[in-house]
> 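My questions all concern the structure below.
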Number of protein chains: 2
Amino acid sequence: MQSILELRHLKTLAAIRDTGSLTRAAERLHLTQSALSHQLRQLEEHYAMPLFARKSAPLKLTPAGERLVALADGVLPQIAGTERDIAKLREGEAGSLRIAVECHTCFDWLMPAMDTFRGRWPEVELDIVSGFHADPVGLLFDDRADLAIVSDIDAEARIHFAPLFAYDMVALLANDHPLAGKAWLSAEDFRDETLITYPVPDEMLDLVRQVLKPAGVNPKRRTTELTVAMLQLVASRRGIAALPRWSVQHYLDRGYVVAKPVTENGLTARLYAAMPQERAGAAYLRDFVDIVREVSAAELPGIQLAL
Amino acid sequence: MQSILELRHLKTLAAIRDTGSLTRAAERLHLTQSALSHQLRQLEEHYAMPLFARKSAPLKLTPAGERLVALADGVLPQIAGTERDIAKLREGEAGSLRIAVECHTCFDWLMPAMDTFRGRWPEVELDIVSGFHADPVGLLFDDRADLAIVSDIDAEARIHFAPLFAYDMVALLANDHPLAGKAWLSAEDFRDETLITYPVPDEMLDLVRQVLKPAGVNPKRRTTELTVAMLQLVASRRGIAALPRWSVQHYLDRGYVVAKPVTENGLTARLYAAMPQERAGAAYLRDFVDIVREVSAAELPGIQLAL
DNA sequence: TGAAAATAATGAGTTTGAATCATAGATGCT
DNA sequence: AGCATCTATGATTCAAACTCATTATTTTCA
């Protein structure tokens, strides 16, 4: 009558607690909903107790379930810590992580991710390659950066692209803007407007690169460094901006401006971490990618981890 | 490239550290040596590092192995604690554990086992049924005890016998005793000696019940309550005693008296915990049995857990 | 040092059981 | 009510954990 409990079960329980449903937990663990249901049934049979109050959404834990989740919260970080320590033994404590960033909004999630990383890998030299570069991947080849945050994959043989997350870009308009009545905006809608952007090359603006340029639309421009300034200009009817929905959700909730999808199907931006192929196996680089995904999923509303 | 580590591996590593060999660890885990060897190889491949320094006995851990064992030491008790808590949720905190003991030497391991038990199950009423009873199992039927420590299994249908451990009984003689030259003692050797025992009925003395009585040998007796007093009498050439080897190892190491096996193959005593069948499933009773086995294996030299 | 004994590693074969697939049953939402 | 979403169940598949049989290695002891 020995224990059947394995770490697998603890990971499942923690995921269910985090996501509130078997289906979403299964997705996160790259398993099927059925697999988790079977796991749960096995545990409940073994302990001869229910672990979740069924017939309720979100799934609610029983005291026994709570106890197991508390165990998971205690144990899983210890496991992760040990595996990091072993990677350090294998690869050495040190290393460098110079991050090249091309997008302004990236700093919103990059800072907390770097904080977490610094705590876990204190010996790794952590830095941001300053300035906005038209070709951040080039910095990898020149050994001026170890990792670049990019928004598309160019088929570079020597570069490994690790998916981070995806999110919707939305166009922002003044509440009383004539286009505010439309369900979504087309490229043509931008032709006679002023486009408010960050001061970066066109190739780095998803809206321009993926929508306006292909349609031959090239509106007037106005630039600013700050997201709040862009919102201020939009609200003052000085033009239209396009930003990640998560970066402006706060202002949308307060009715400060309105958001419209770009094109009928919306405009989805995808972010990747680009690394030199031969170093992509390094534990601290892979852990950085994991941290970014964790932190972003927790802090940015409405992003998708699967892309 | 996610973790393959499971609790199974941690249990294996801890067992190897405790026993110092794959073979003994496998025995303890009720697996084959081959299974553990495969497990280890899998782990070492996954971490791309050796976990043990081969070509040495006892097996010596590498730093990575040490780290994993440290993890096991941190995690496994948490698992056990959680499973106890769940059992308490299922069966209630309370209960009673009145222990009937028939052997004097049992107190040597019973006290520390009870201490550990009290820490883990503070709500269970813990008691020793005092006095030495000729039929401790009878106390179970009368509901005057919940568990009895006995040295043999009578085929009682309503009683469950959980094996505790086995050990060798040895005869103790003064260093210059005439029989001290023999390799082992037969029943006949006792005929003209004085047998020094605890003051209990003959049925409770393994030597008498299993060796002397069958051979029709009934030597003179002298009794005392205390083990040290028995050793004192033996050393003073007042007679021969028979005690568990583990209980007198300390004195043997110091050459205070000499020990001889009884009969050519020795006299092996076996201890069992007897419980009413219908209550044998209770988590705290099963945990008590586990605690006794753990504590005894750790404190009593030369006992066997498998019997 | 060399032979015998003990222990670990290896590879093939078997079995277990964890996951998936397909589907039925619940539950919640408008 | 009825549709959409989520969970449970049973059959099936498949990976991998274990055992068995054997070889290789290490330790012990004459």
Side-chain angles (χ1 to χ4, degrees), chain A residues 1-62 64-65 68-69 72 302 304 306, chain B residues 1-62 64-65 68-69 72 302 304 306:
Chain A
M1 201 72 70
Q2 59 181 7
S3 173
I4 58 151
L5 190 69
E6 284 292 351
L7 291 181
R8 165 167 39 91
H9 298 116
L10 297 184
K11 288 173 187 162
T12 294
L13 288 167
I16 292 174
R17 188 266 322 270
D18 290 346
T19 62
S21 98
L22 289 200
T23 309
R24 278 188 299 277
E27 217 168 283
R28 200 169 103 165
L29 298 170
H30 307 295
L31 290 172
T32 61
Q33 170 270 321
S34 177
L36 300 205
S37 183
H38 282 295
Q39 273 190 22
L40 279 188
R41 196 164 58 82
Q42 189 203 21
L43 281 183
E44 295 187 322
E45 265 168 31
H46 178 250
Y47 292 119
M49 296 192 86
L51 301 178
F52 287 94
R54 308 307 160 86
K55 315 178 187 228
S56 92
L59 252 43
K60 197 168 170 314
L61 291 158
T62 63
L68 279 173
V69 167
Q304 298 168 259
Chain B
M1 201 75 67
Q2 56 182 8
S3 174
I4 58 152
L5 189 70
E6 284 292 352
L7 291 181
R8 166 167 39 92
H9 298 116
L10 296 184
K11 287 173 187 162
T12 295
L13 288 167
I16 293 174
R17 189 265 322 269
D18 290 347
T19 62
S21 98
L22 291 200
T23 309
R24 277 188 299 277
E27 217 167 283
R28 199 169 101 165
L29 298 170
H30 308 294
L31 291 172
T32 61
Q33 169 269 320
S34 177
L36 300 203
S37 182
H38 284 295
Q39 272 190 23
L40 278 189
R41 197 164 58 82
Q42 189 204 21
L43 280 183
E44 295 187 322
E45 266 168 29
H46 177 250
Y47 292 119
M49 296 191 85
L51 300 178
F52 288 94
R54 308 307 160 87
K55 314 177 187 230
S56 91
L59 253 42
K60 196 172 170 310
L61 291 158
T62 63
L68 280 173
V69 167
Q304 299 167 260

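What you are looking at is a predicted structure, and each value in this text was computed from that prediction instead of being measured. Hydrogens, waters and symmetry mates play no part in the numbers below; they use all other heavy atoms, side chains included.
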> May I ask you to say what B:Leu36 touches in the nucleic acid, namely base, sugar-phosphate or nothing, with a heavy-atom cut-off under 4.0 Å?
nothing
> Starting the side chain at C-beta, find the nucleotide from D:dT9, D:dT19, C:dA9 nearest to B:Ser37.
C:dA9
> Tell me the interatomic distance from B:Leu22, atom CG, to D:dC18, atom C1', rounded to whole angstroms.
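Rounding to the nearest Å, CG of B:Leu22 and C1' of D:dC18 are 15 Å apart.
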> Take atom CD1 of B:Ile16 and atom C1' of C:dT7, then tell me their distance rounded to the nearest Å.
13 Å
> When you get a sec, tell me which of D:dT7, D:dT19, D:dT9 is the closest nucleotide to the side chain of B:Ser34?
D:dT19
> Taking the nucleotide of DNA chain D with the nearest heavy atom to each, does A:Leu59 or A:His38 sit closer to the 5' end?
A:Leu59
> Calculate the interatomic distance between A:Arg41 atom CZ and C:dA19 atom P; express it in whole Å.
13 Å
> Whole Å only: how far is the CD atom of B:Gln33 from the P atom of D:dT25?
15 Å
> Where the side chain of B:Ala35 is concerned, which of C:dT20, D:dA21, D:dC18 is the nearest nucleotide?
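Nearest to the side-chain atoms of B:Ala35, counting from C-beta on, is D:dC18.
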> Scan A:Ser21 against the nucleic acid and name what it touches under 4.0 Å (heavy atoms): base, sugar-phosphate only, or nothing.
sugar-phosphate
> To the nearest Å, how far apart are A:Lys11 NZ and C:dA19 C1'?
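Going from NZ in A:Lys11 over to C1' in C:dA19 covers 16 Å.
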> Let me know the distance between CD of A:Glu6 and C1' of D:dA16, rounded to the nearest Å.
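Interatomic distance, CD of A:Glu6 to C1' of D:dA16: 13 Å.
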> Measure the distance from CD on A:Gln39 to C1' on D:dT9 and round it to the nearest whole Å.
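Between C1' of D:dT9 and CD of A:Gln39: 16 Å.
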> Look at the side-chain N and O atoms of A:Arg54 and state whether any lies under 4.0 Å from the OP1 or OP2 oxygen of C:dT27.
no
> Any donor-acceptor pair under 3.5 Å linking the side chain of A:Ser37 with the backbone of A:Gln33?
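No: the side chain of A:Ser37 does not pair with the backbone of A:Gln33.
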> Does A:His9 reach the side chain of A:Leu68, with side-chain heavy atoms less than 4.5 Å apart?
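A:His9 does not reach A:Leu68 side chain to side chain.
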> Among D:dC18, C:dT10, C:dA8, which is the nearest nucleotide to the side chain of B:Arg8?
D:dC18
> Side chain of B:Thr12, backbone of B:Leu36: donor and acceptor closer than 3.5 Å?
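Not confirmed, B:Thr12 side chain does not pair with B:Leu36 backbone.
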> How is B:Thr23 classified with respect to the nucleic acid when contacts are heavy atoms under 4.0 Å: base, sugar-phosphate, or nothing?
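Contact class for B:Thr23: sugar-phosphate only.
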> Test your reading of the model: is there a side-chain donor-acceptor pair from B:Glu44 to the backbone of B:Leu51, 3.5 Å cut-off?
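Answer holds: yes.
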> Tell me, do A:Leu61 and A:Phe52 make a side-chain contact under 4.5 Å, heavy atoms counted?
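Contact flag for A:Leu61/A:Phe52 side chains = yes.
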> For the pair made of CG in B:Leu7 and C1' in D:dA17, what is the distance, rounded to whole Å?
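Spelled out: CG on B:Leu7 to C1' on D:dA17 is 16 Å.
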> Is A:Thr32 near enough to C:dA19 that one of its side-chain N or O atoms lies under 4.0 angstrom from OP1 or OP2?
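Checking C:dA19 against A:Thr32, no side-chain N or O comes under 4.0 Å of OP1 or OP2.
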> Does B:Gln42 place a side-chain N or O at less than 4.0 Å from the phosphate oxygens OP1/OP2 of D:dA16?
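False: B:Gln42 side-chain N/O out of range (4.0 Å or more) of D:dA16 OP1/OP2.
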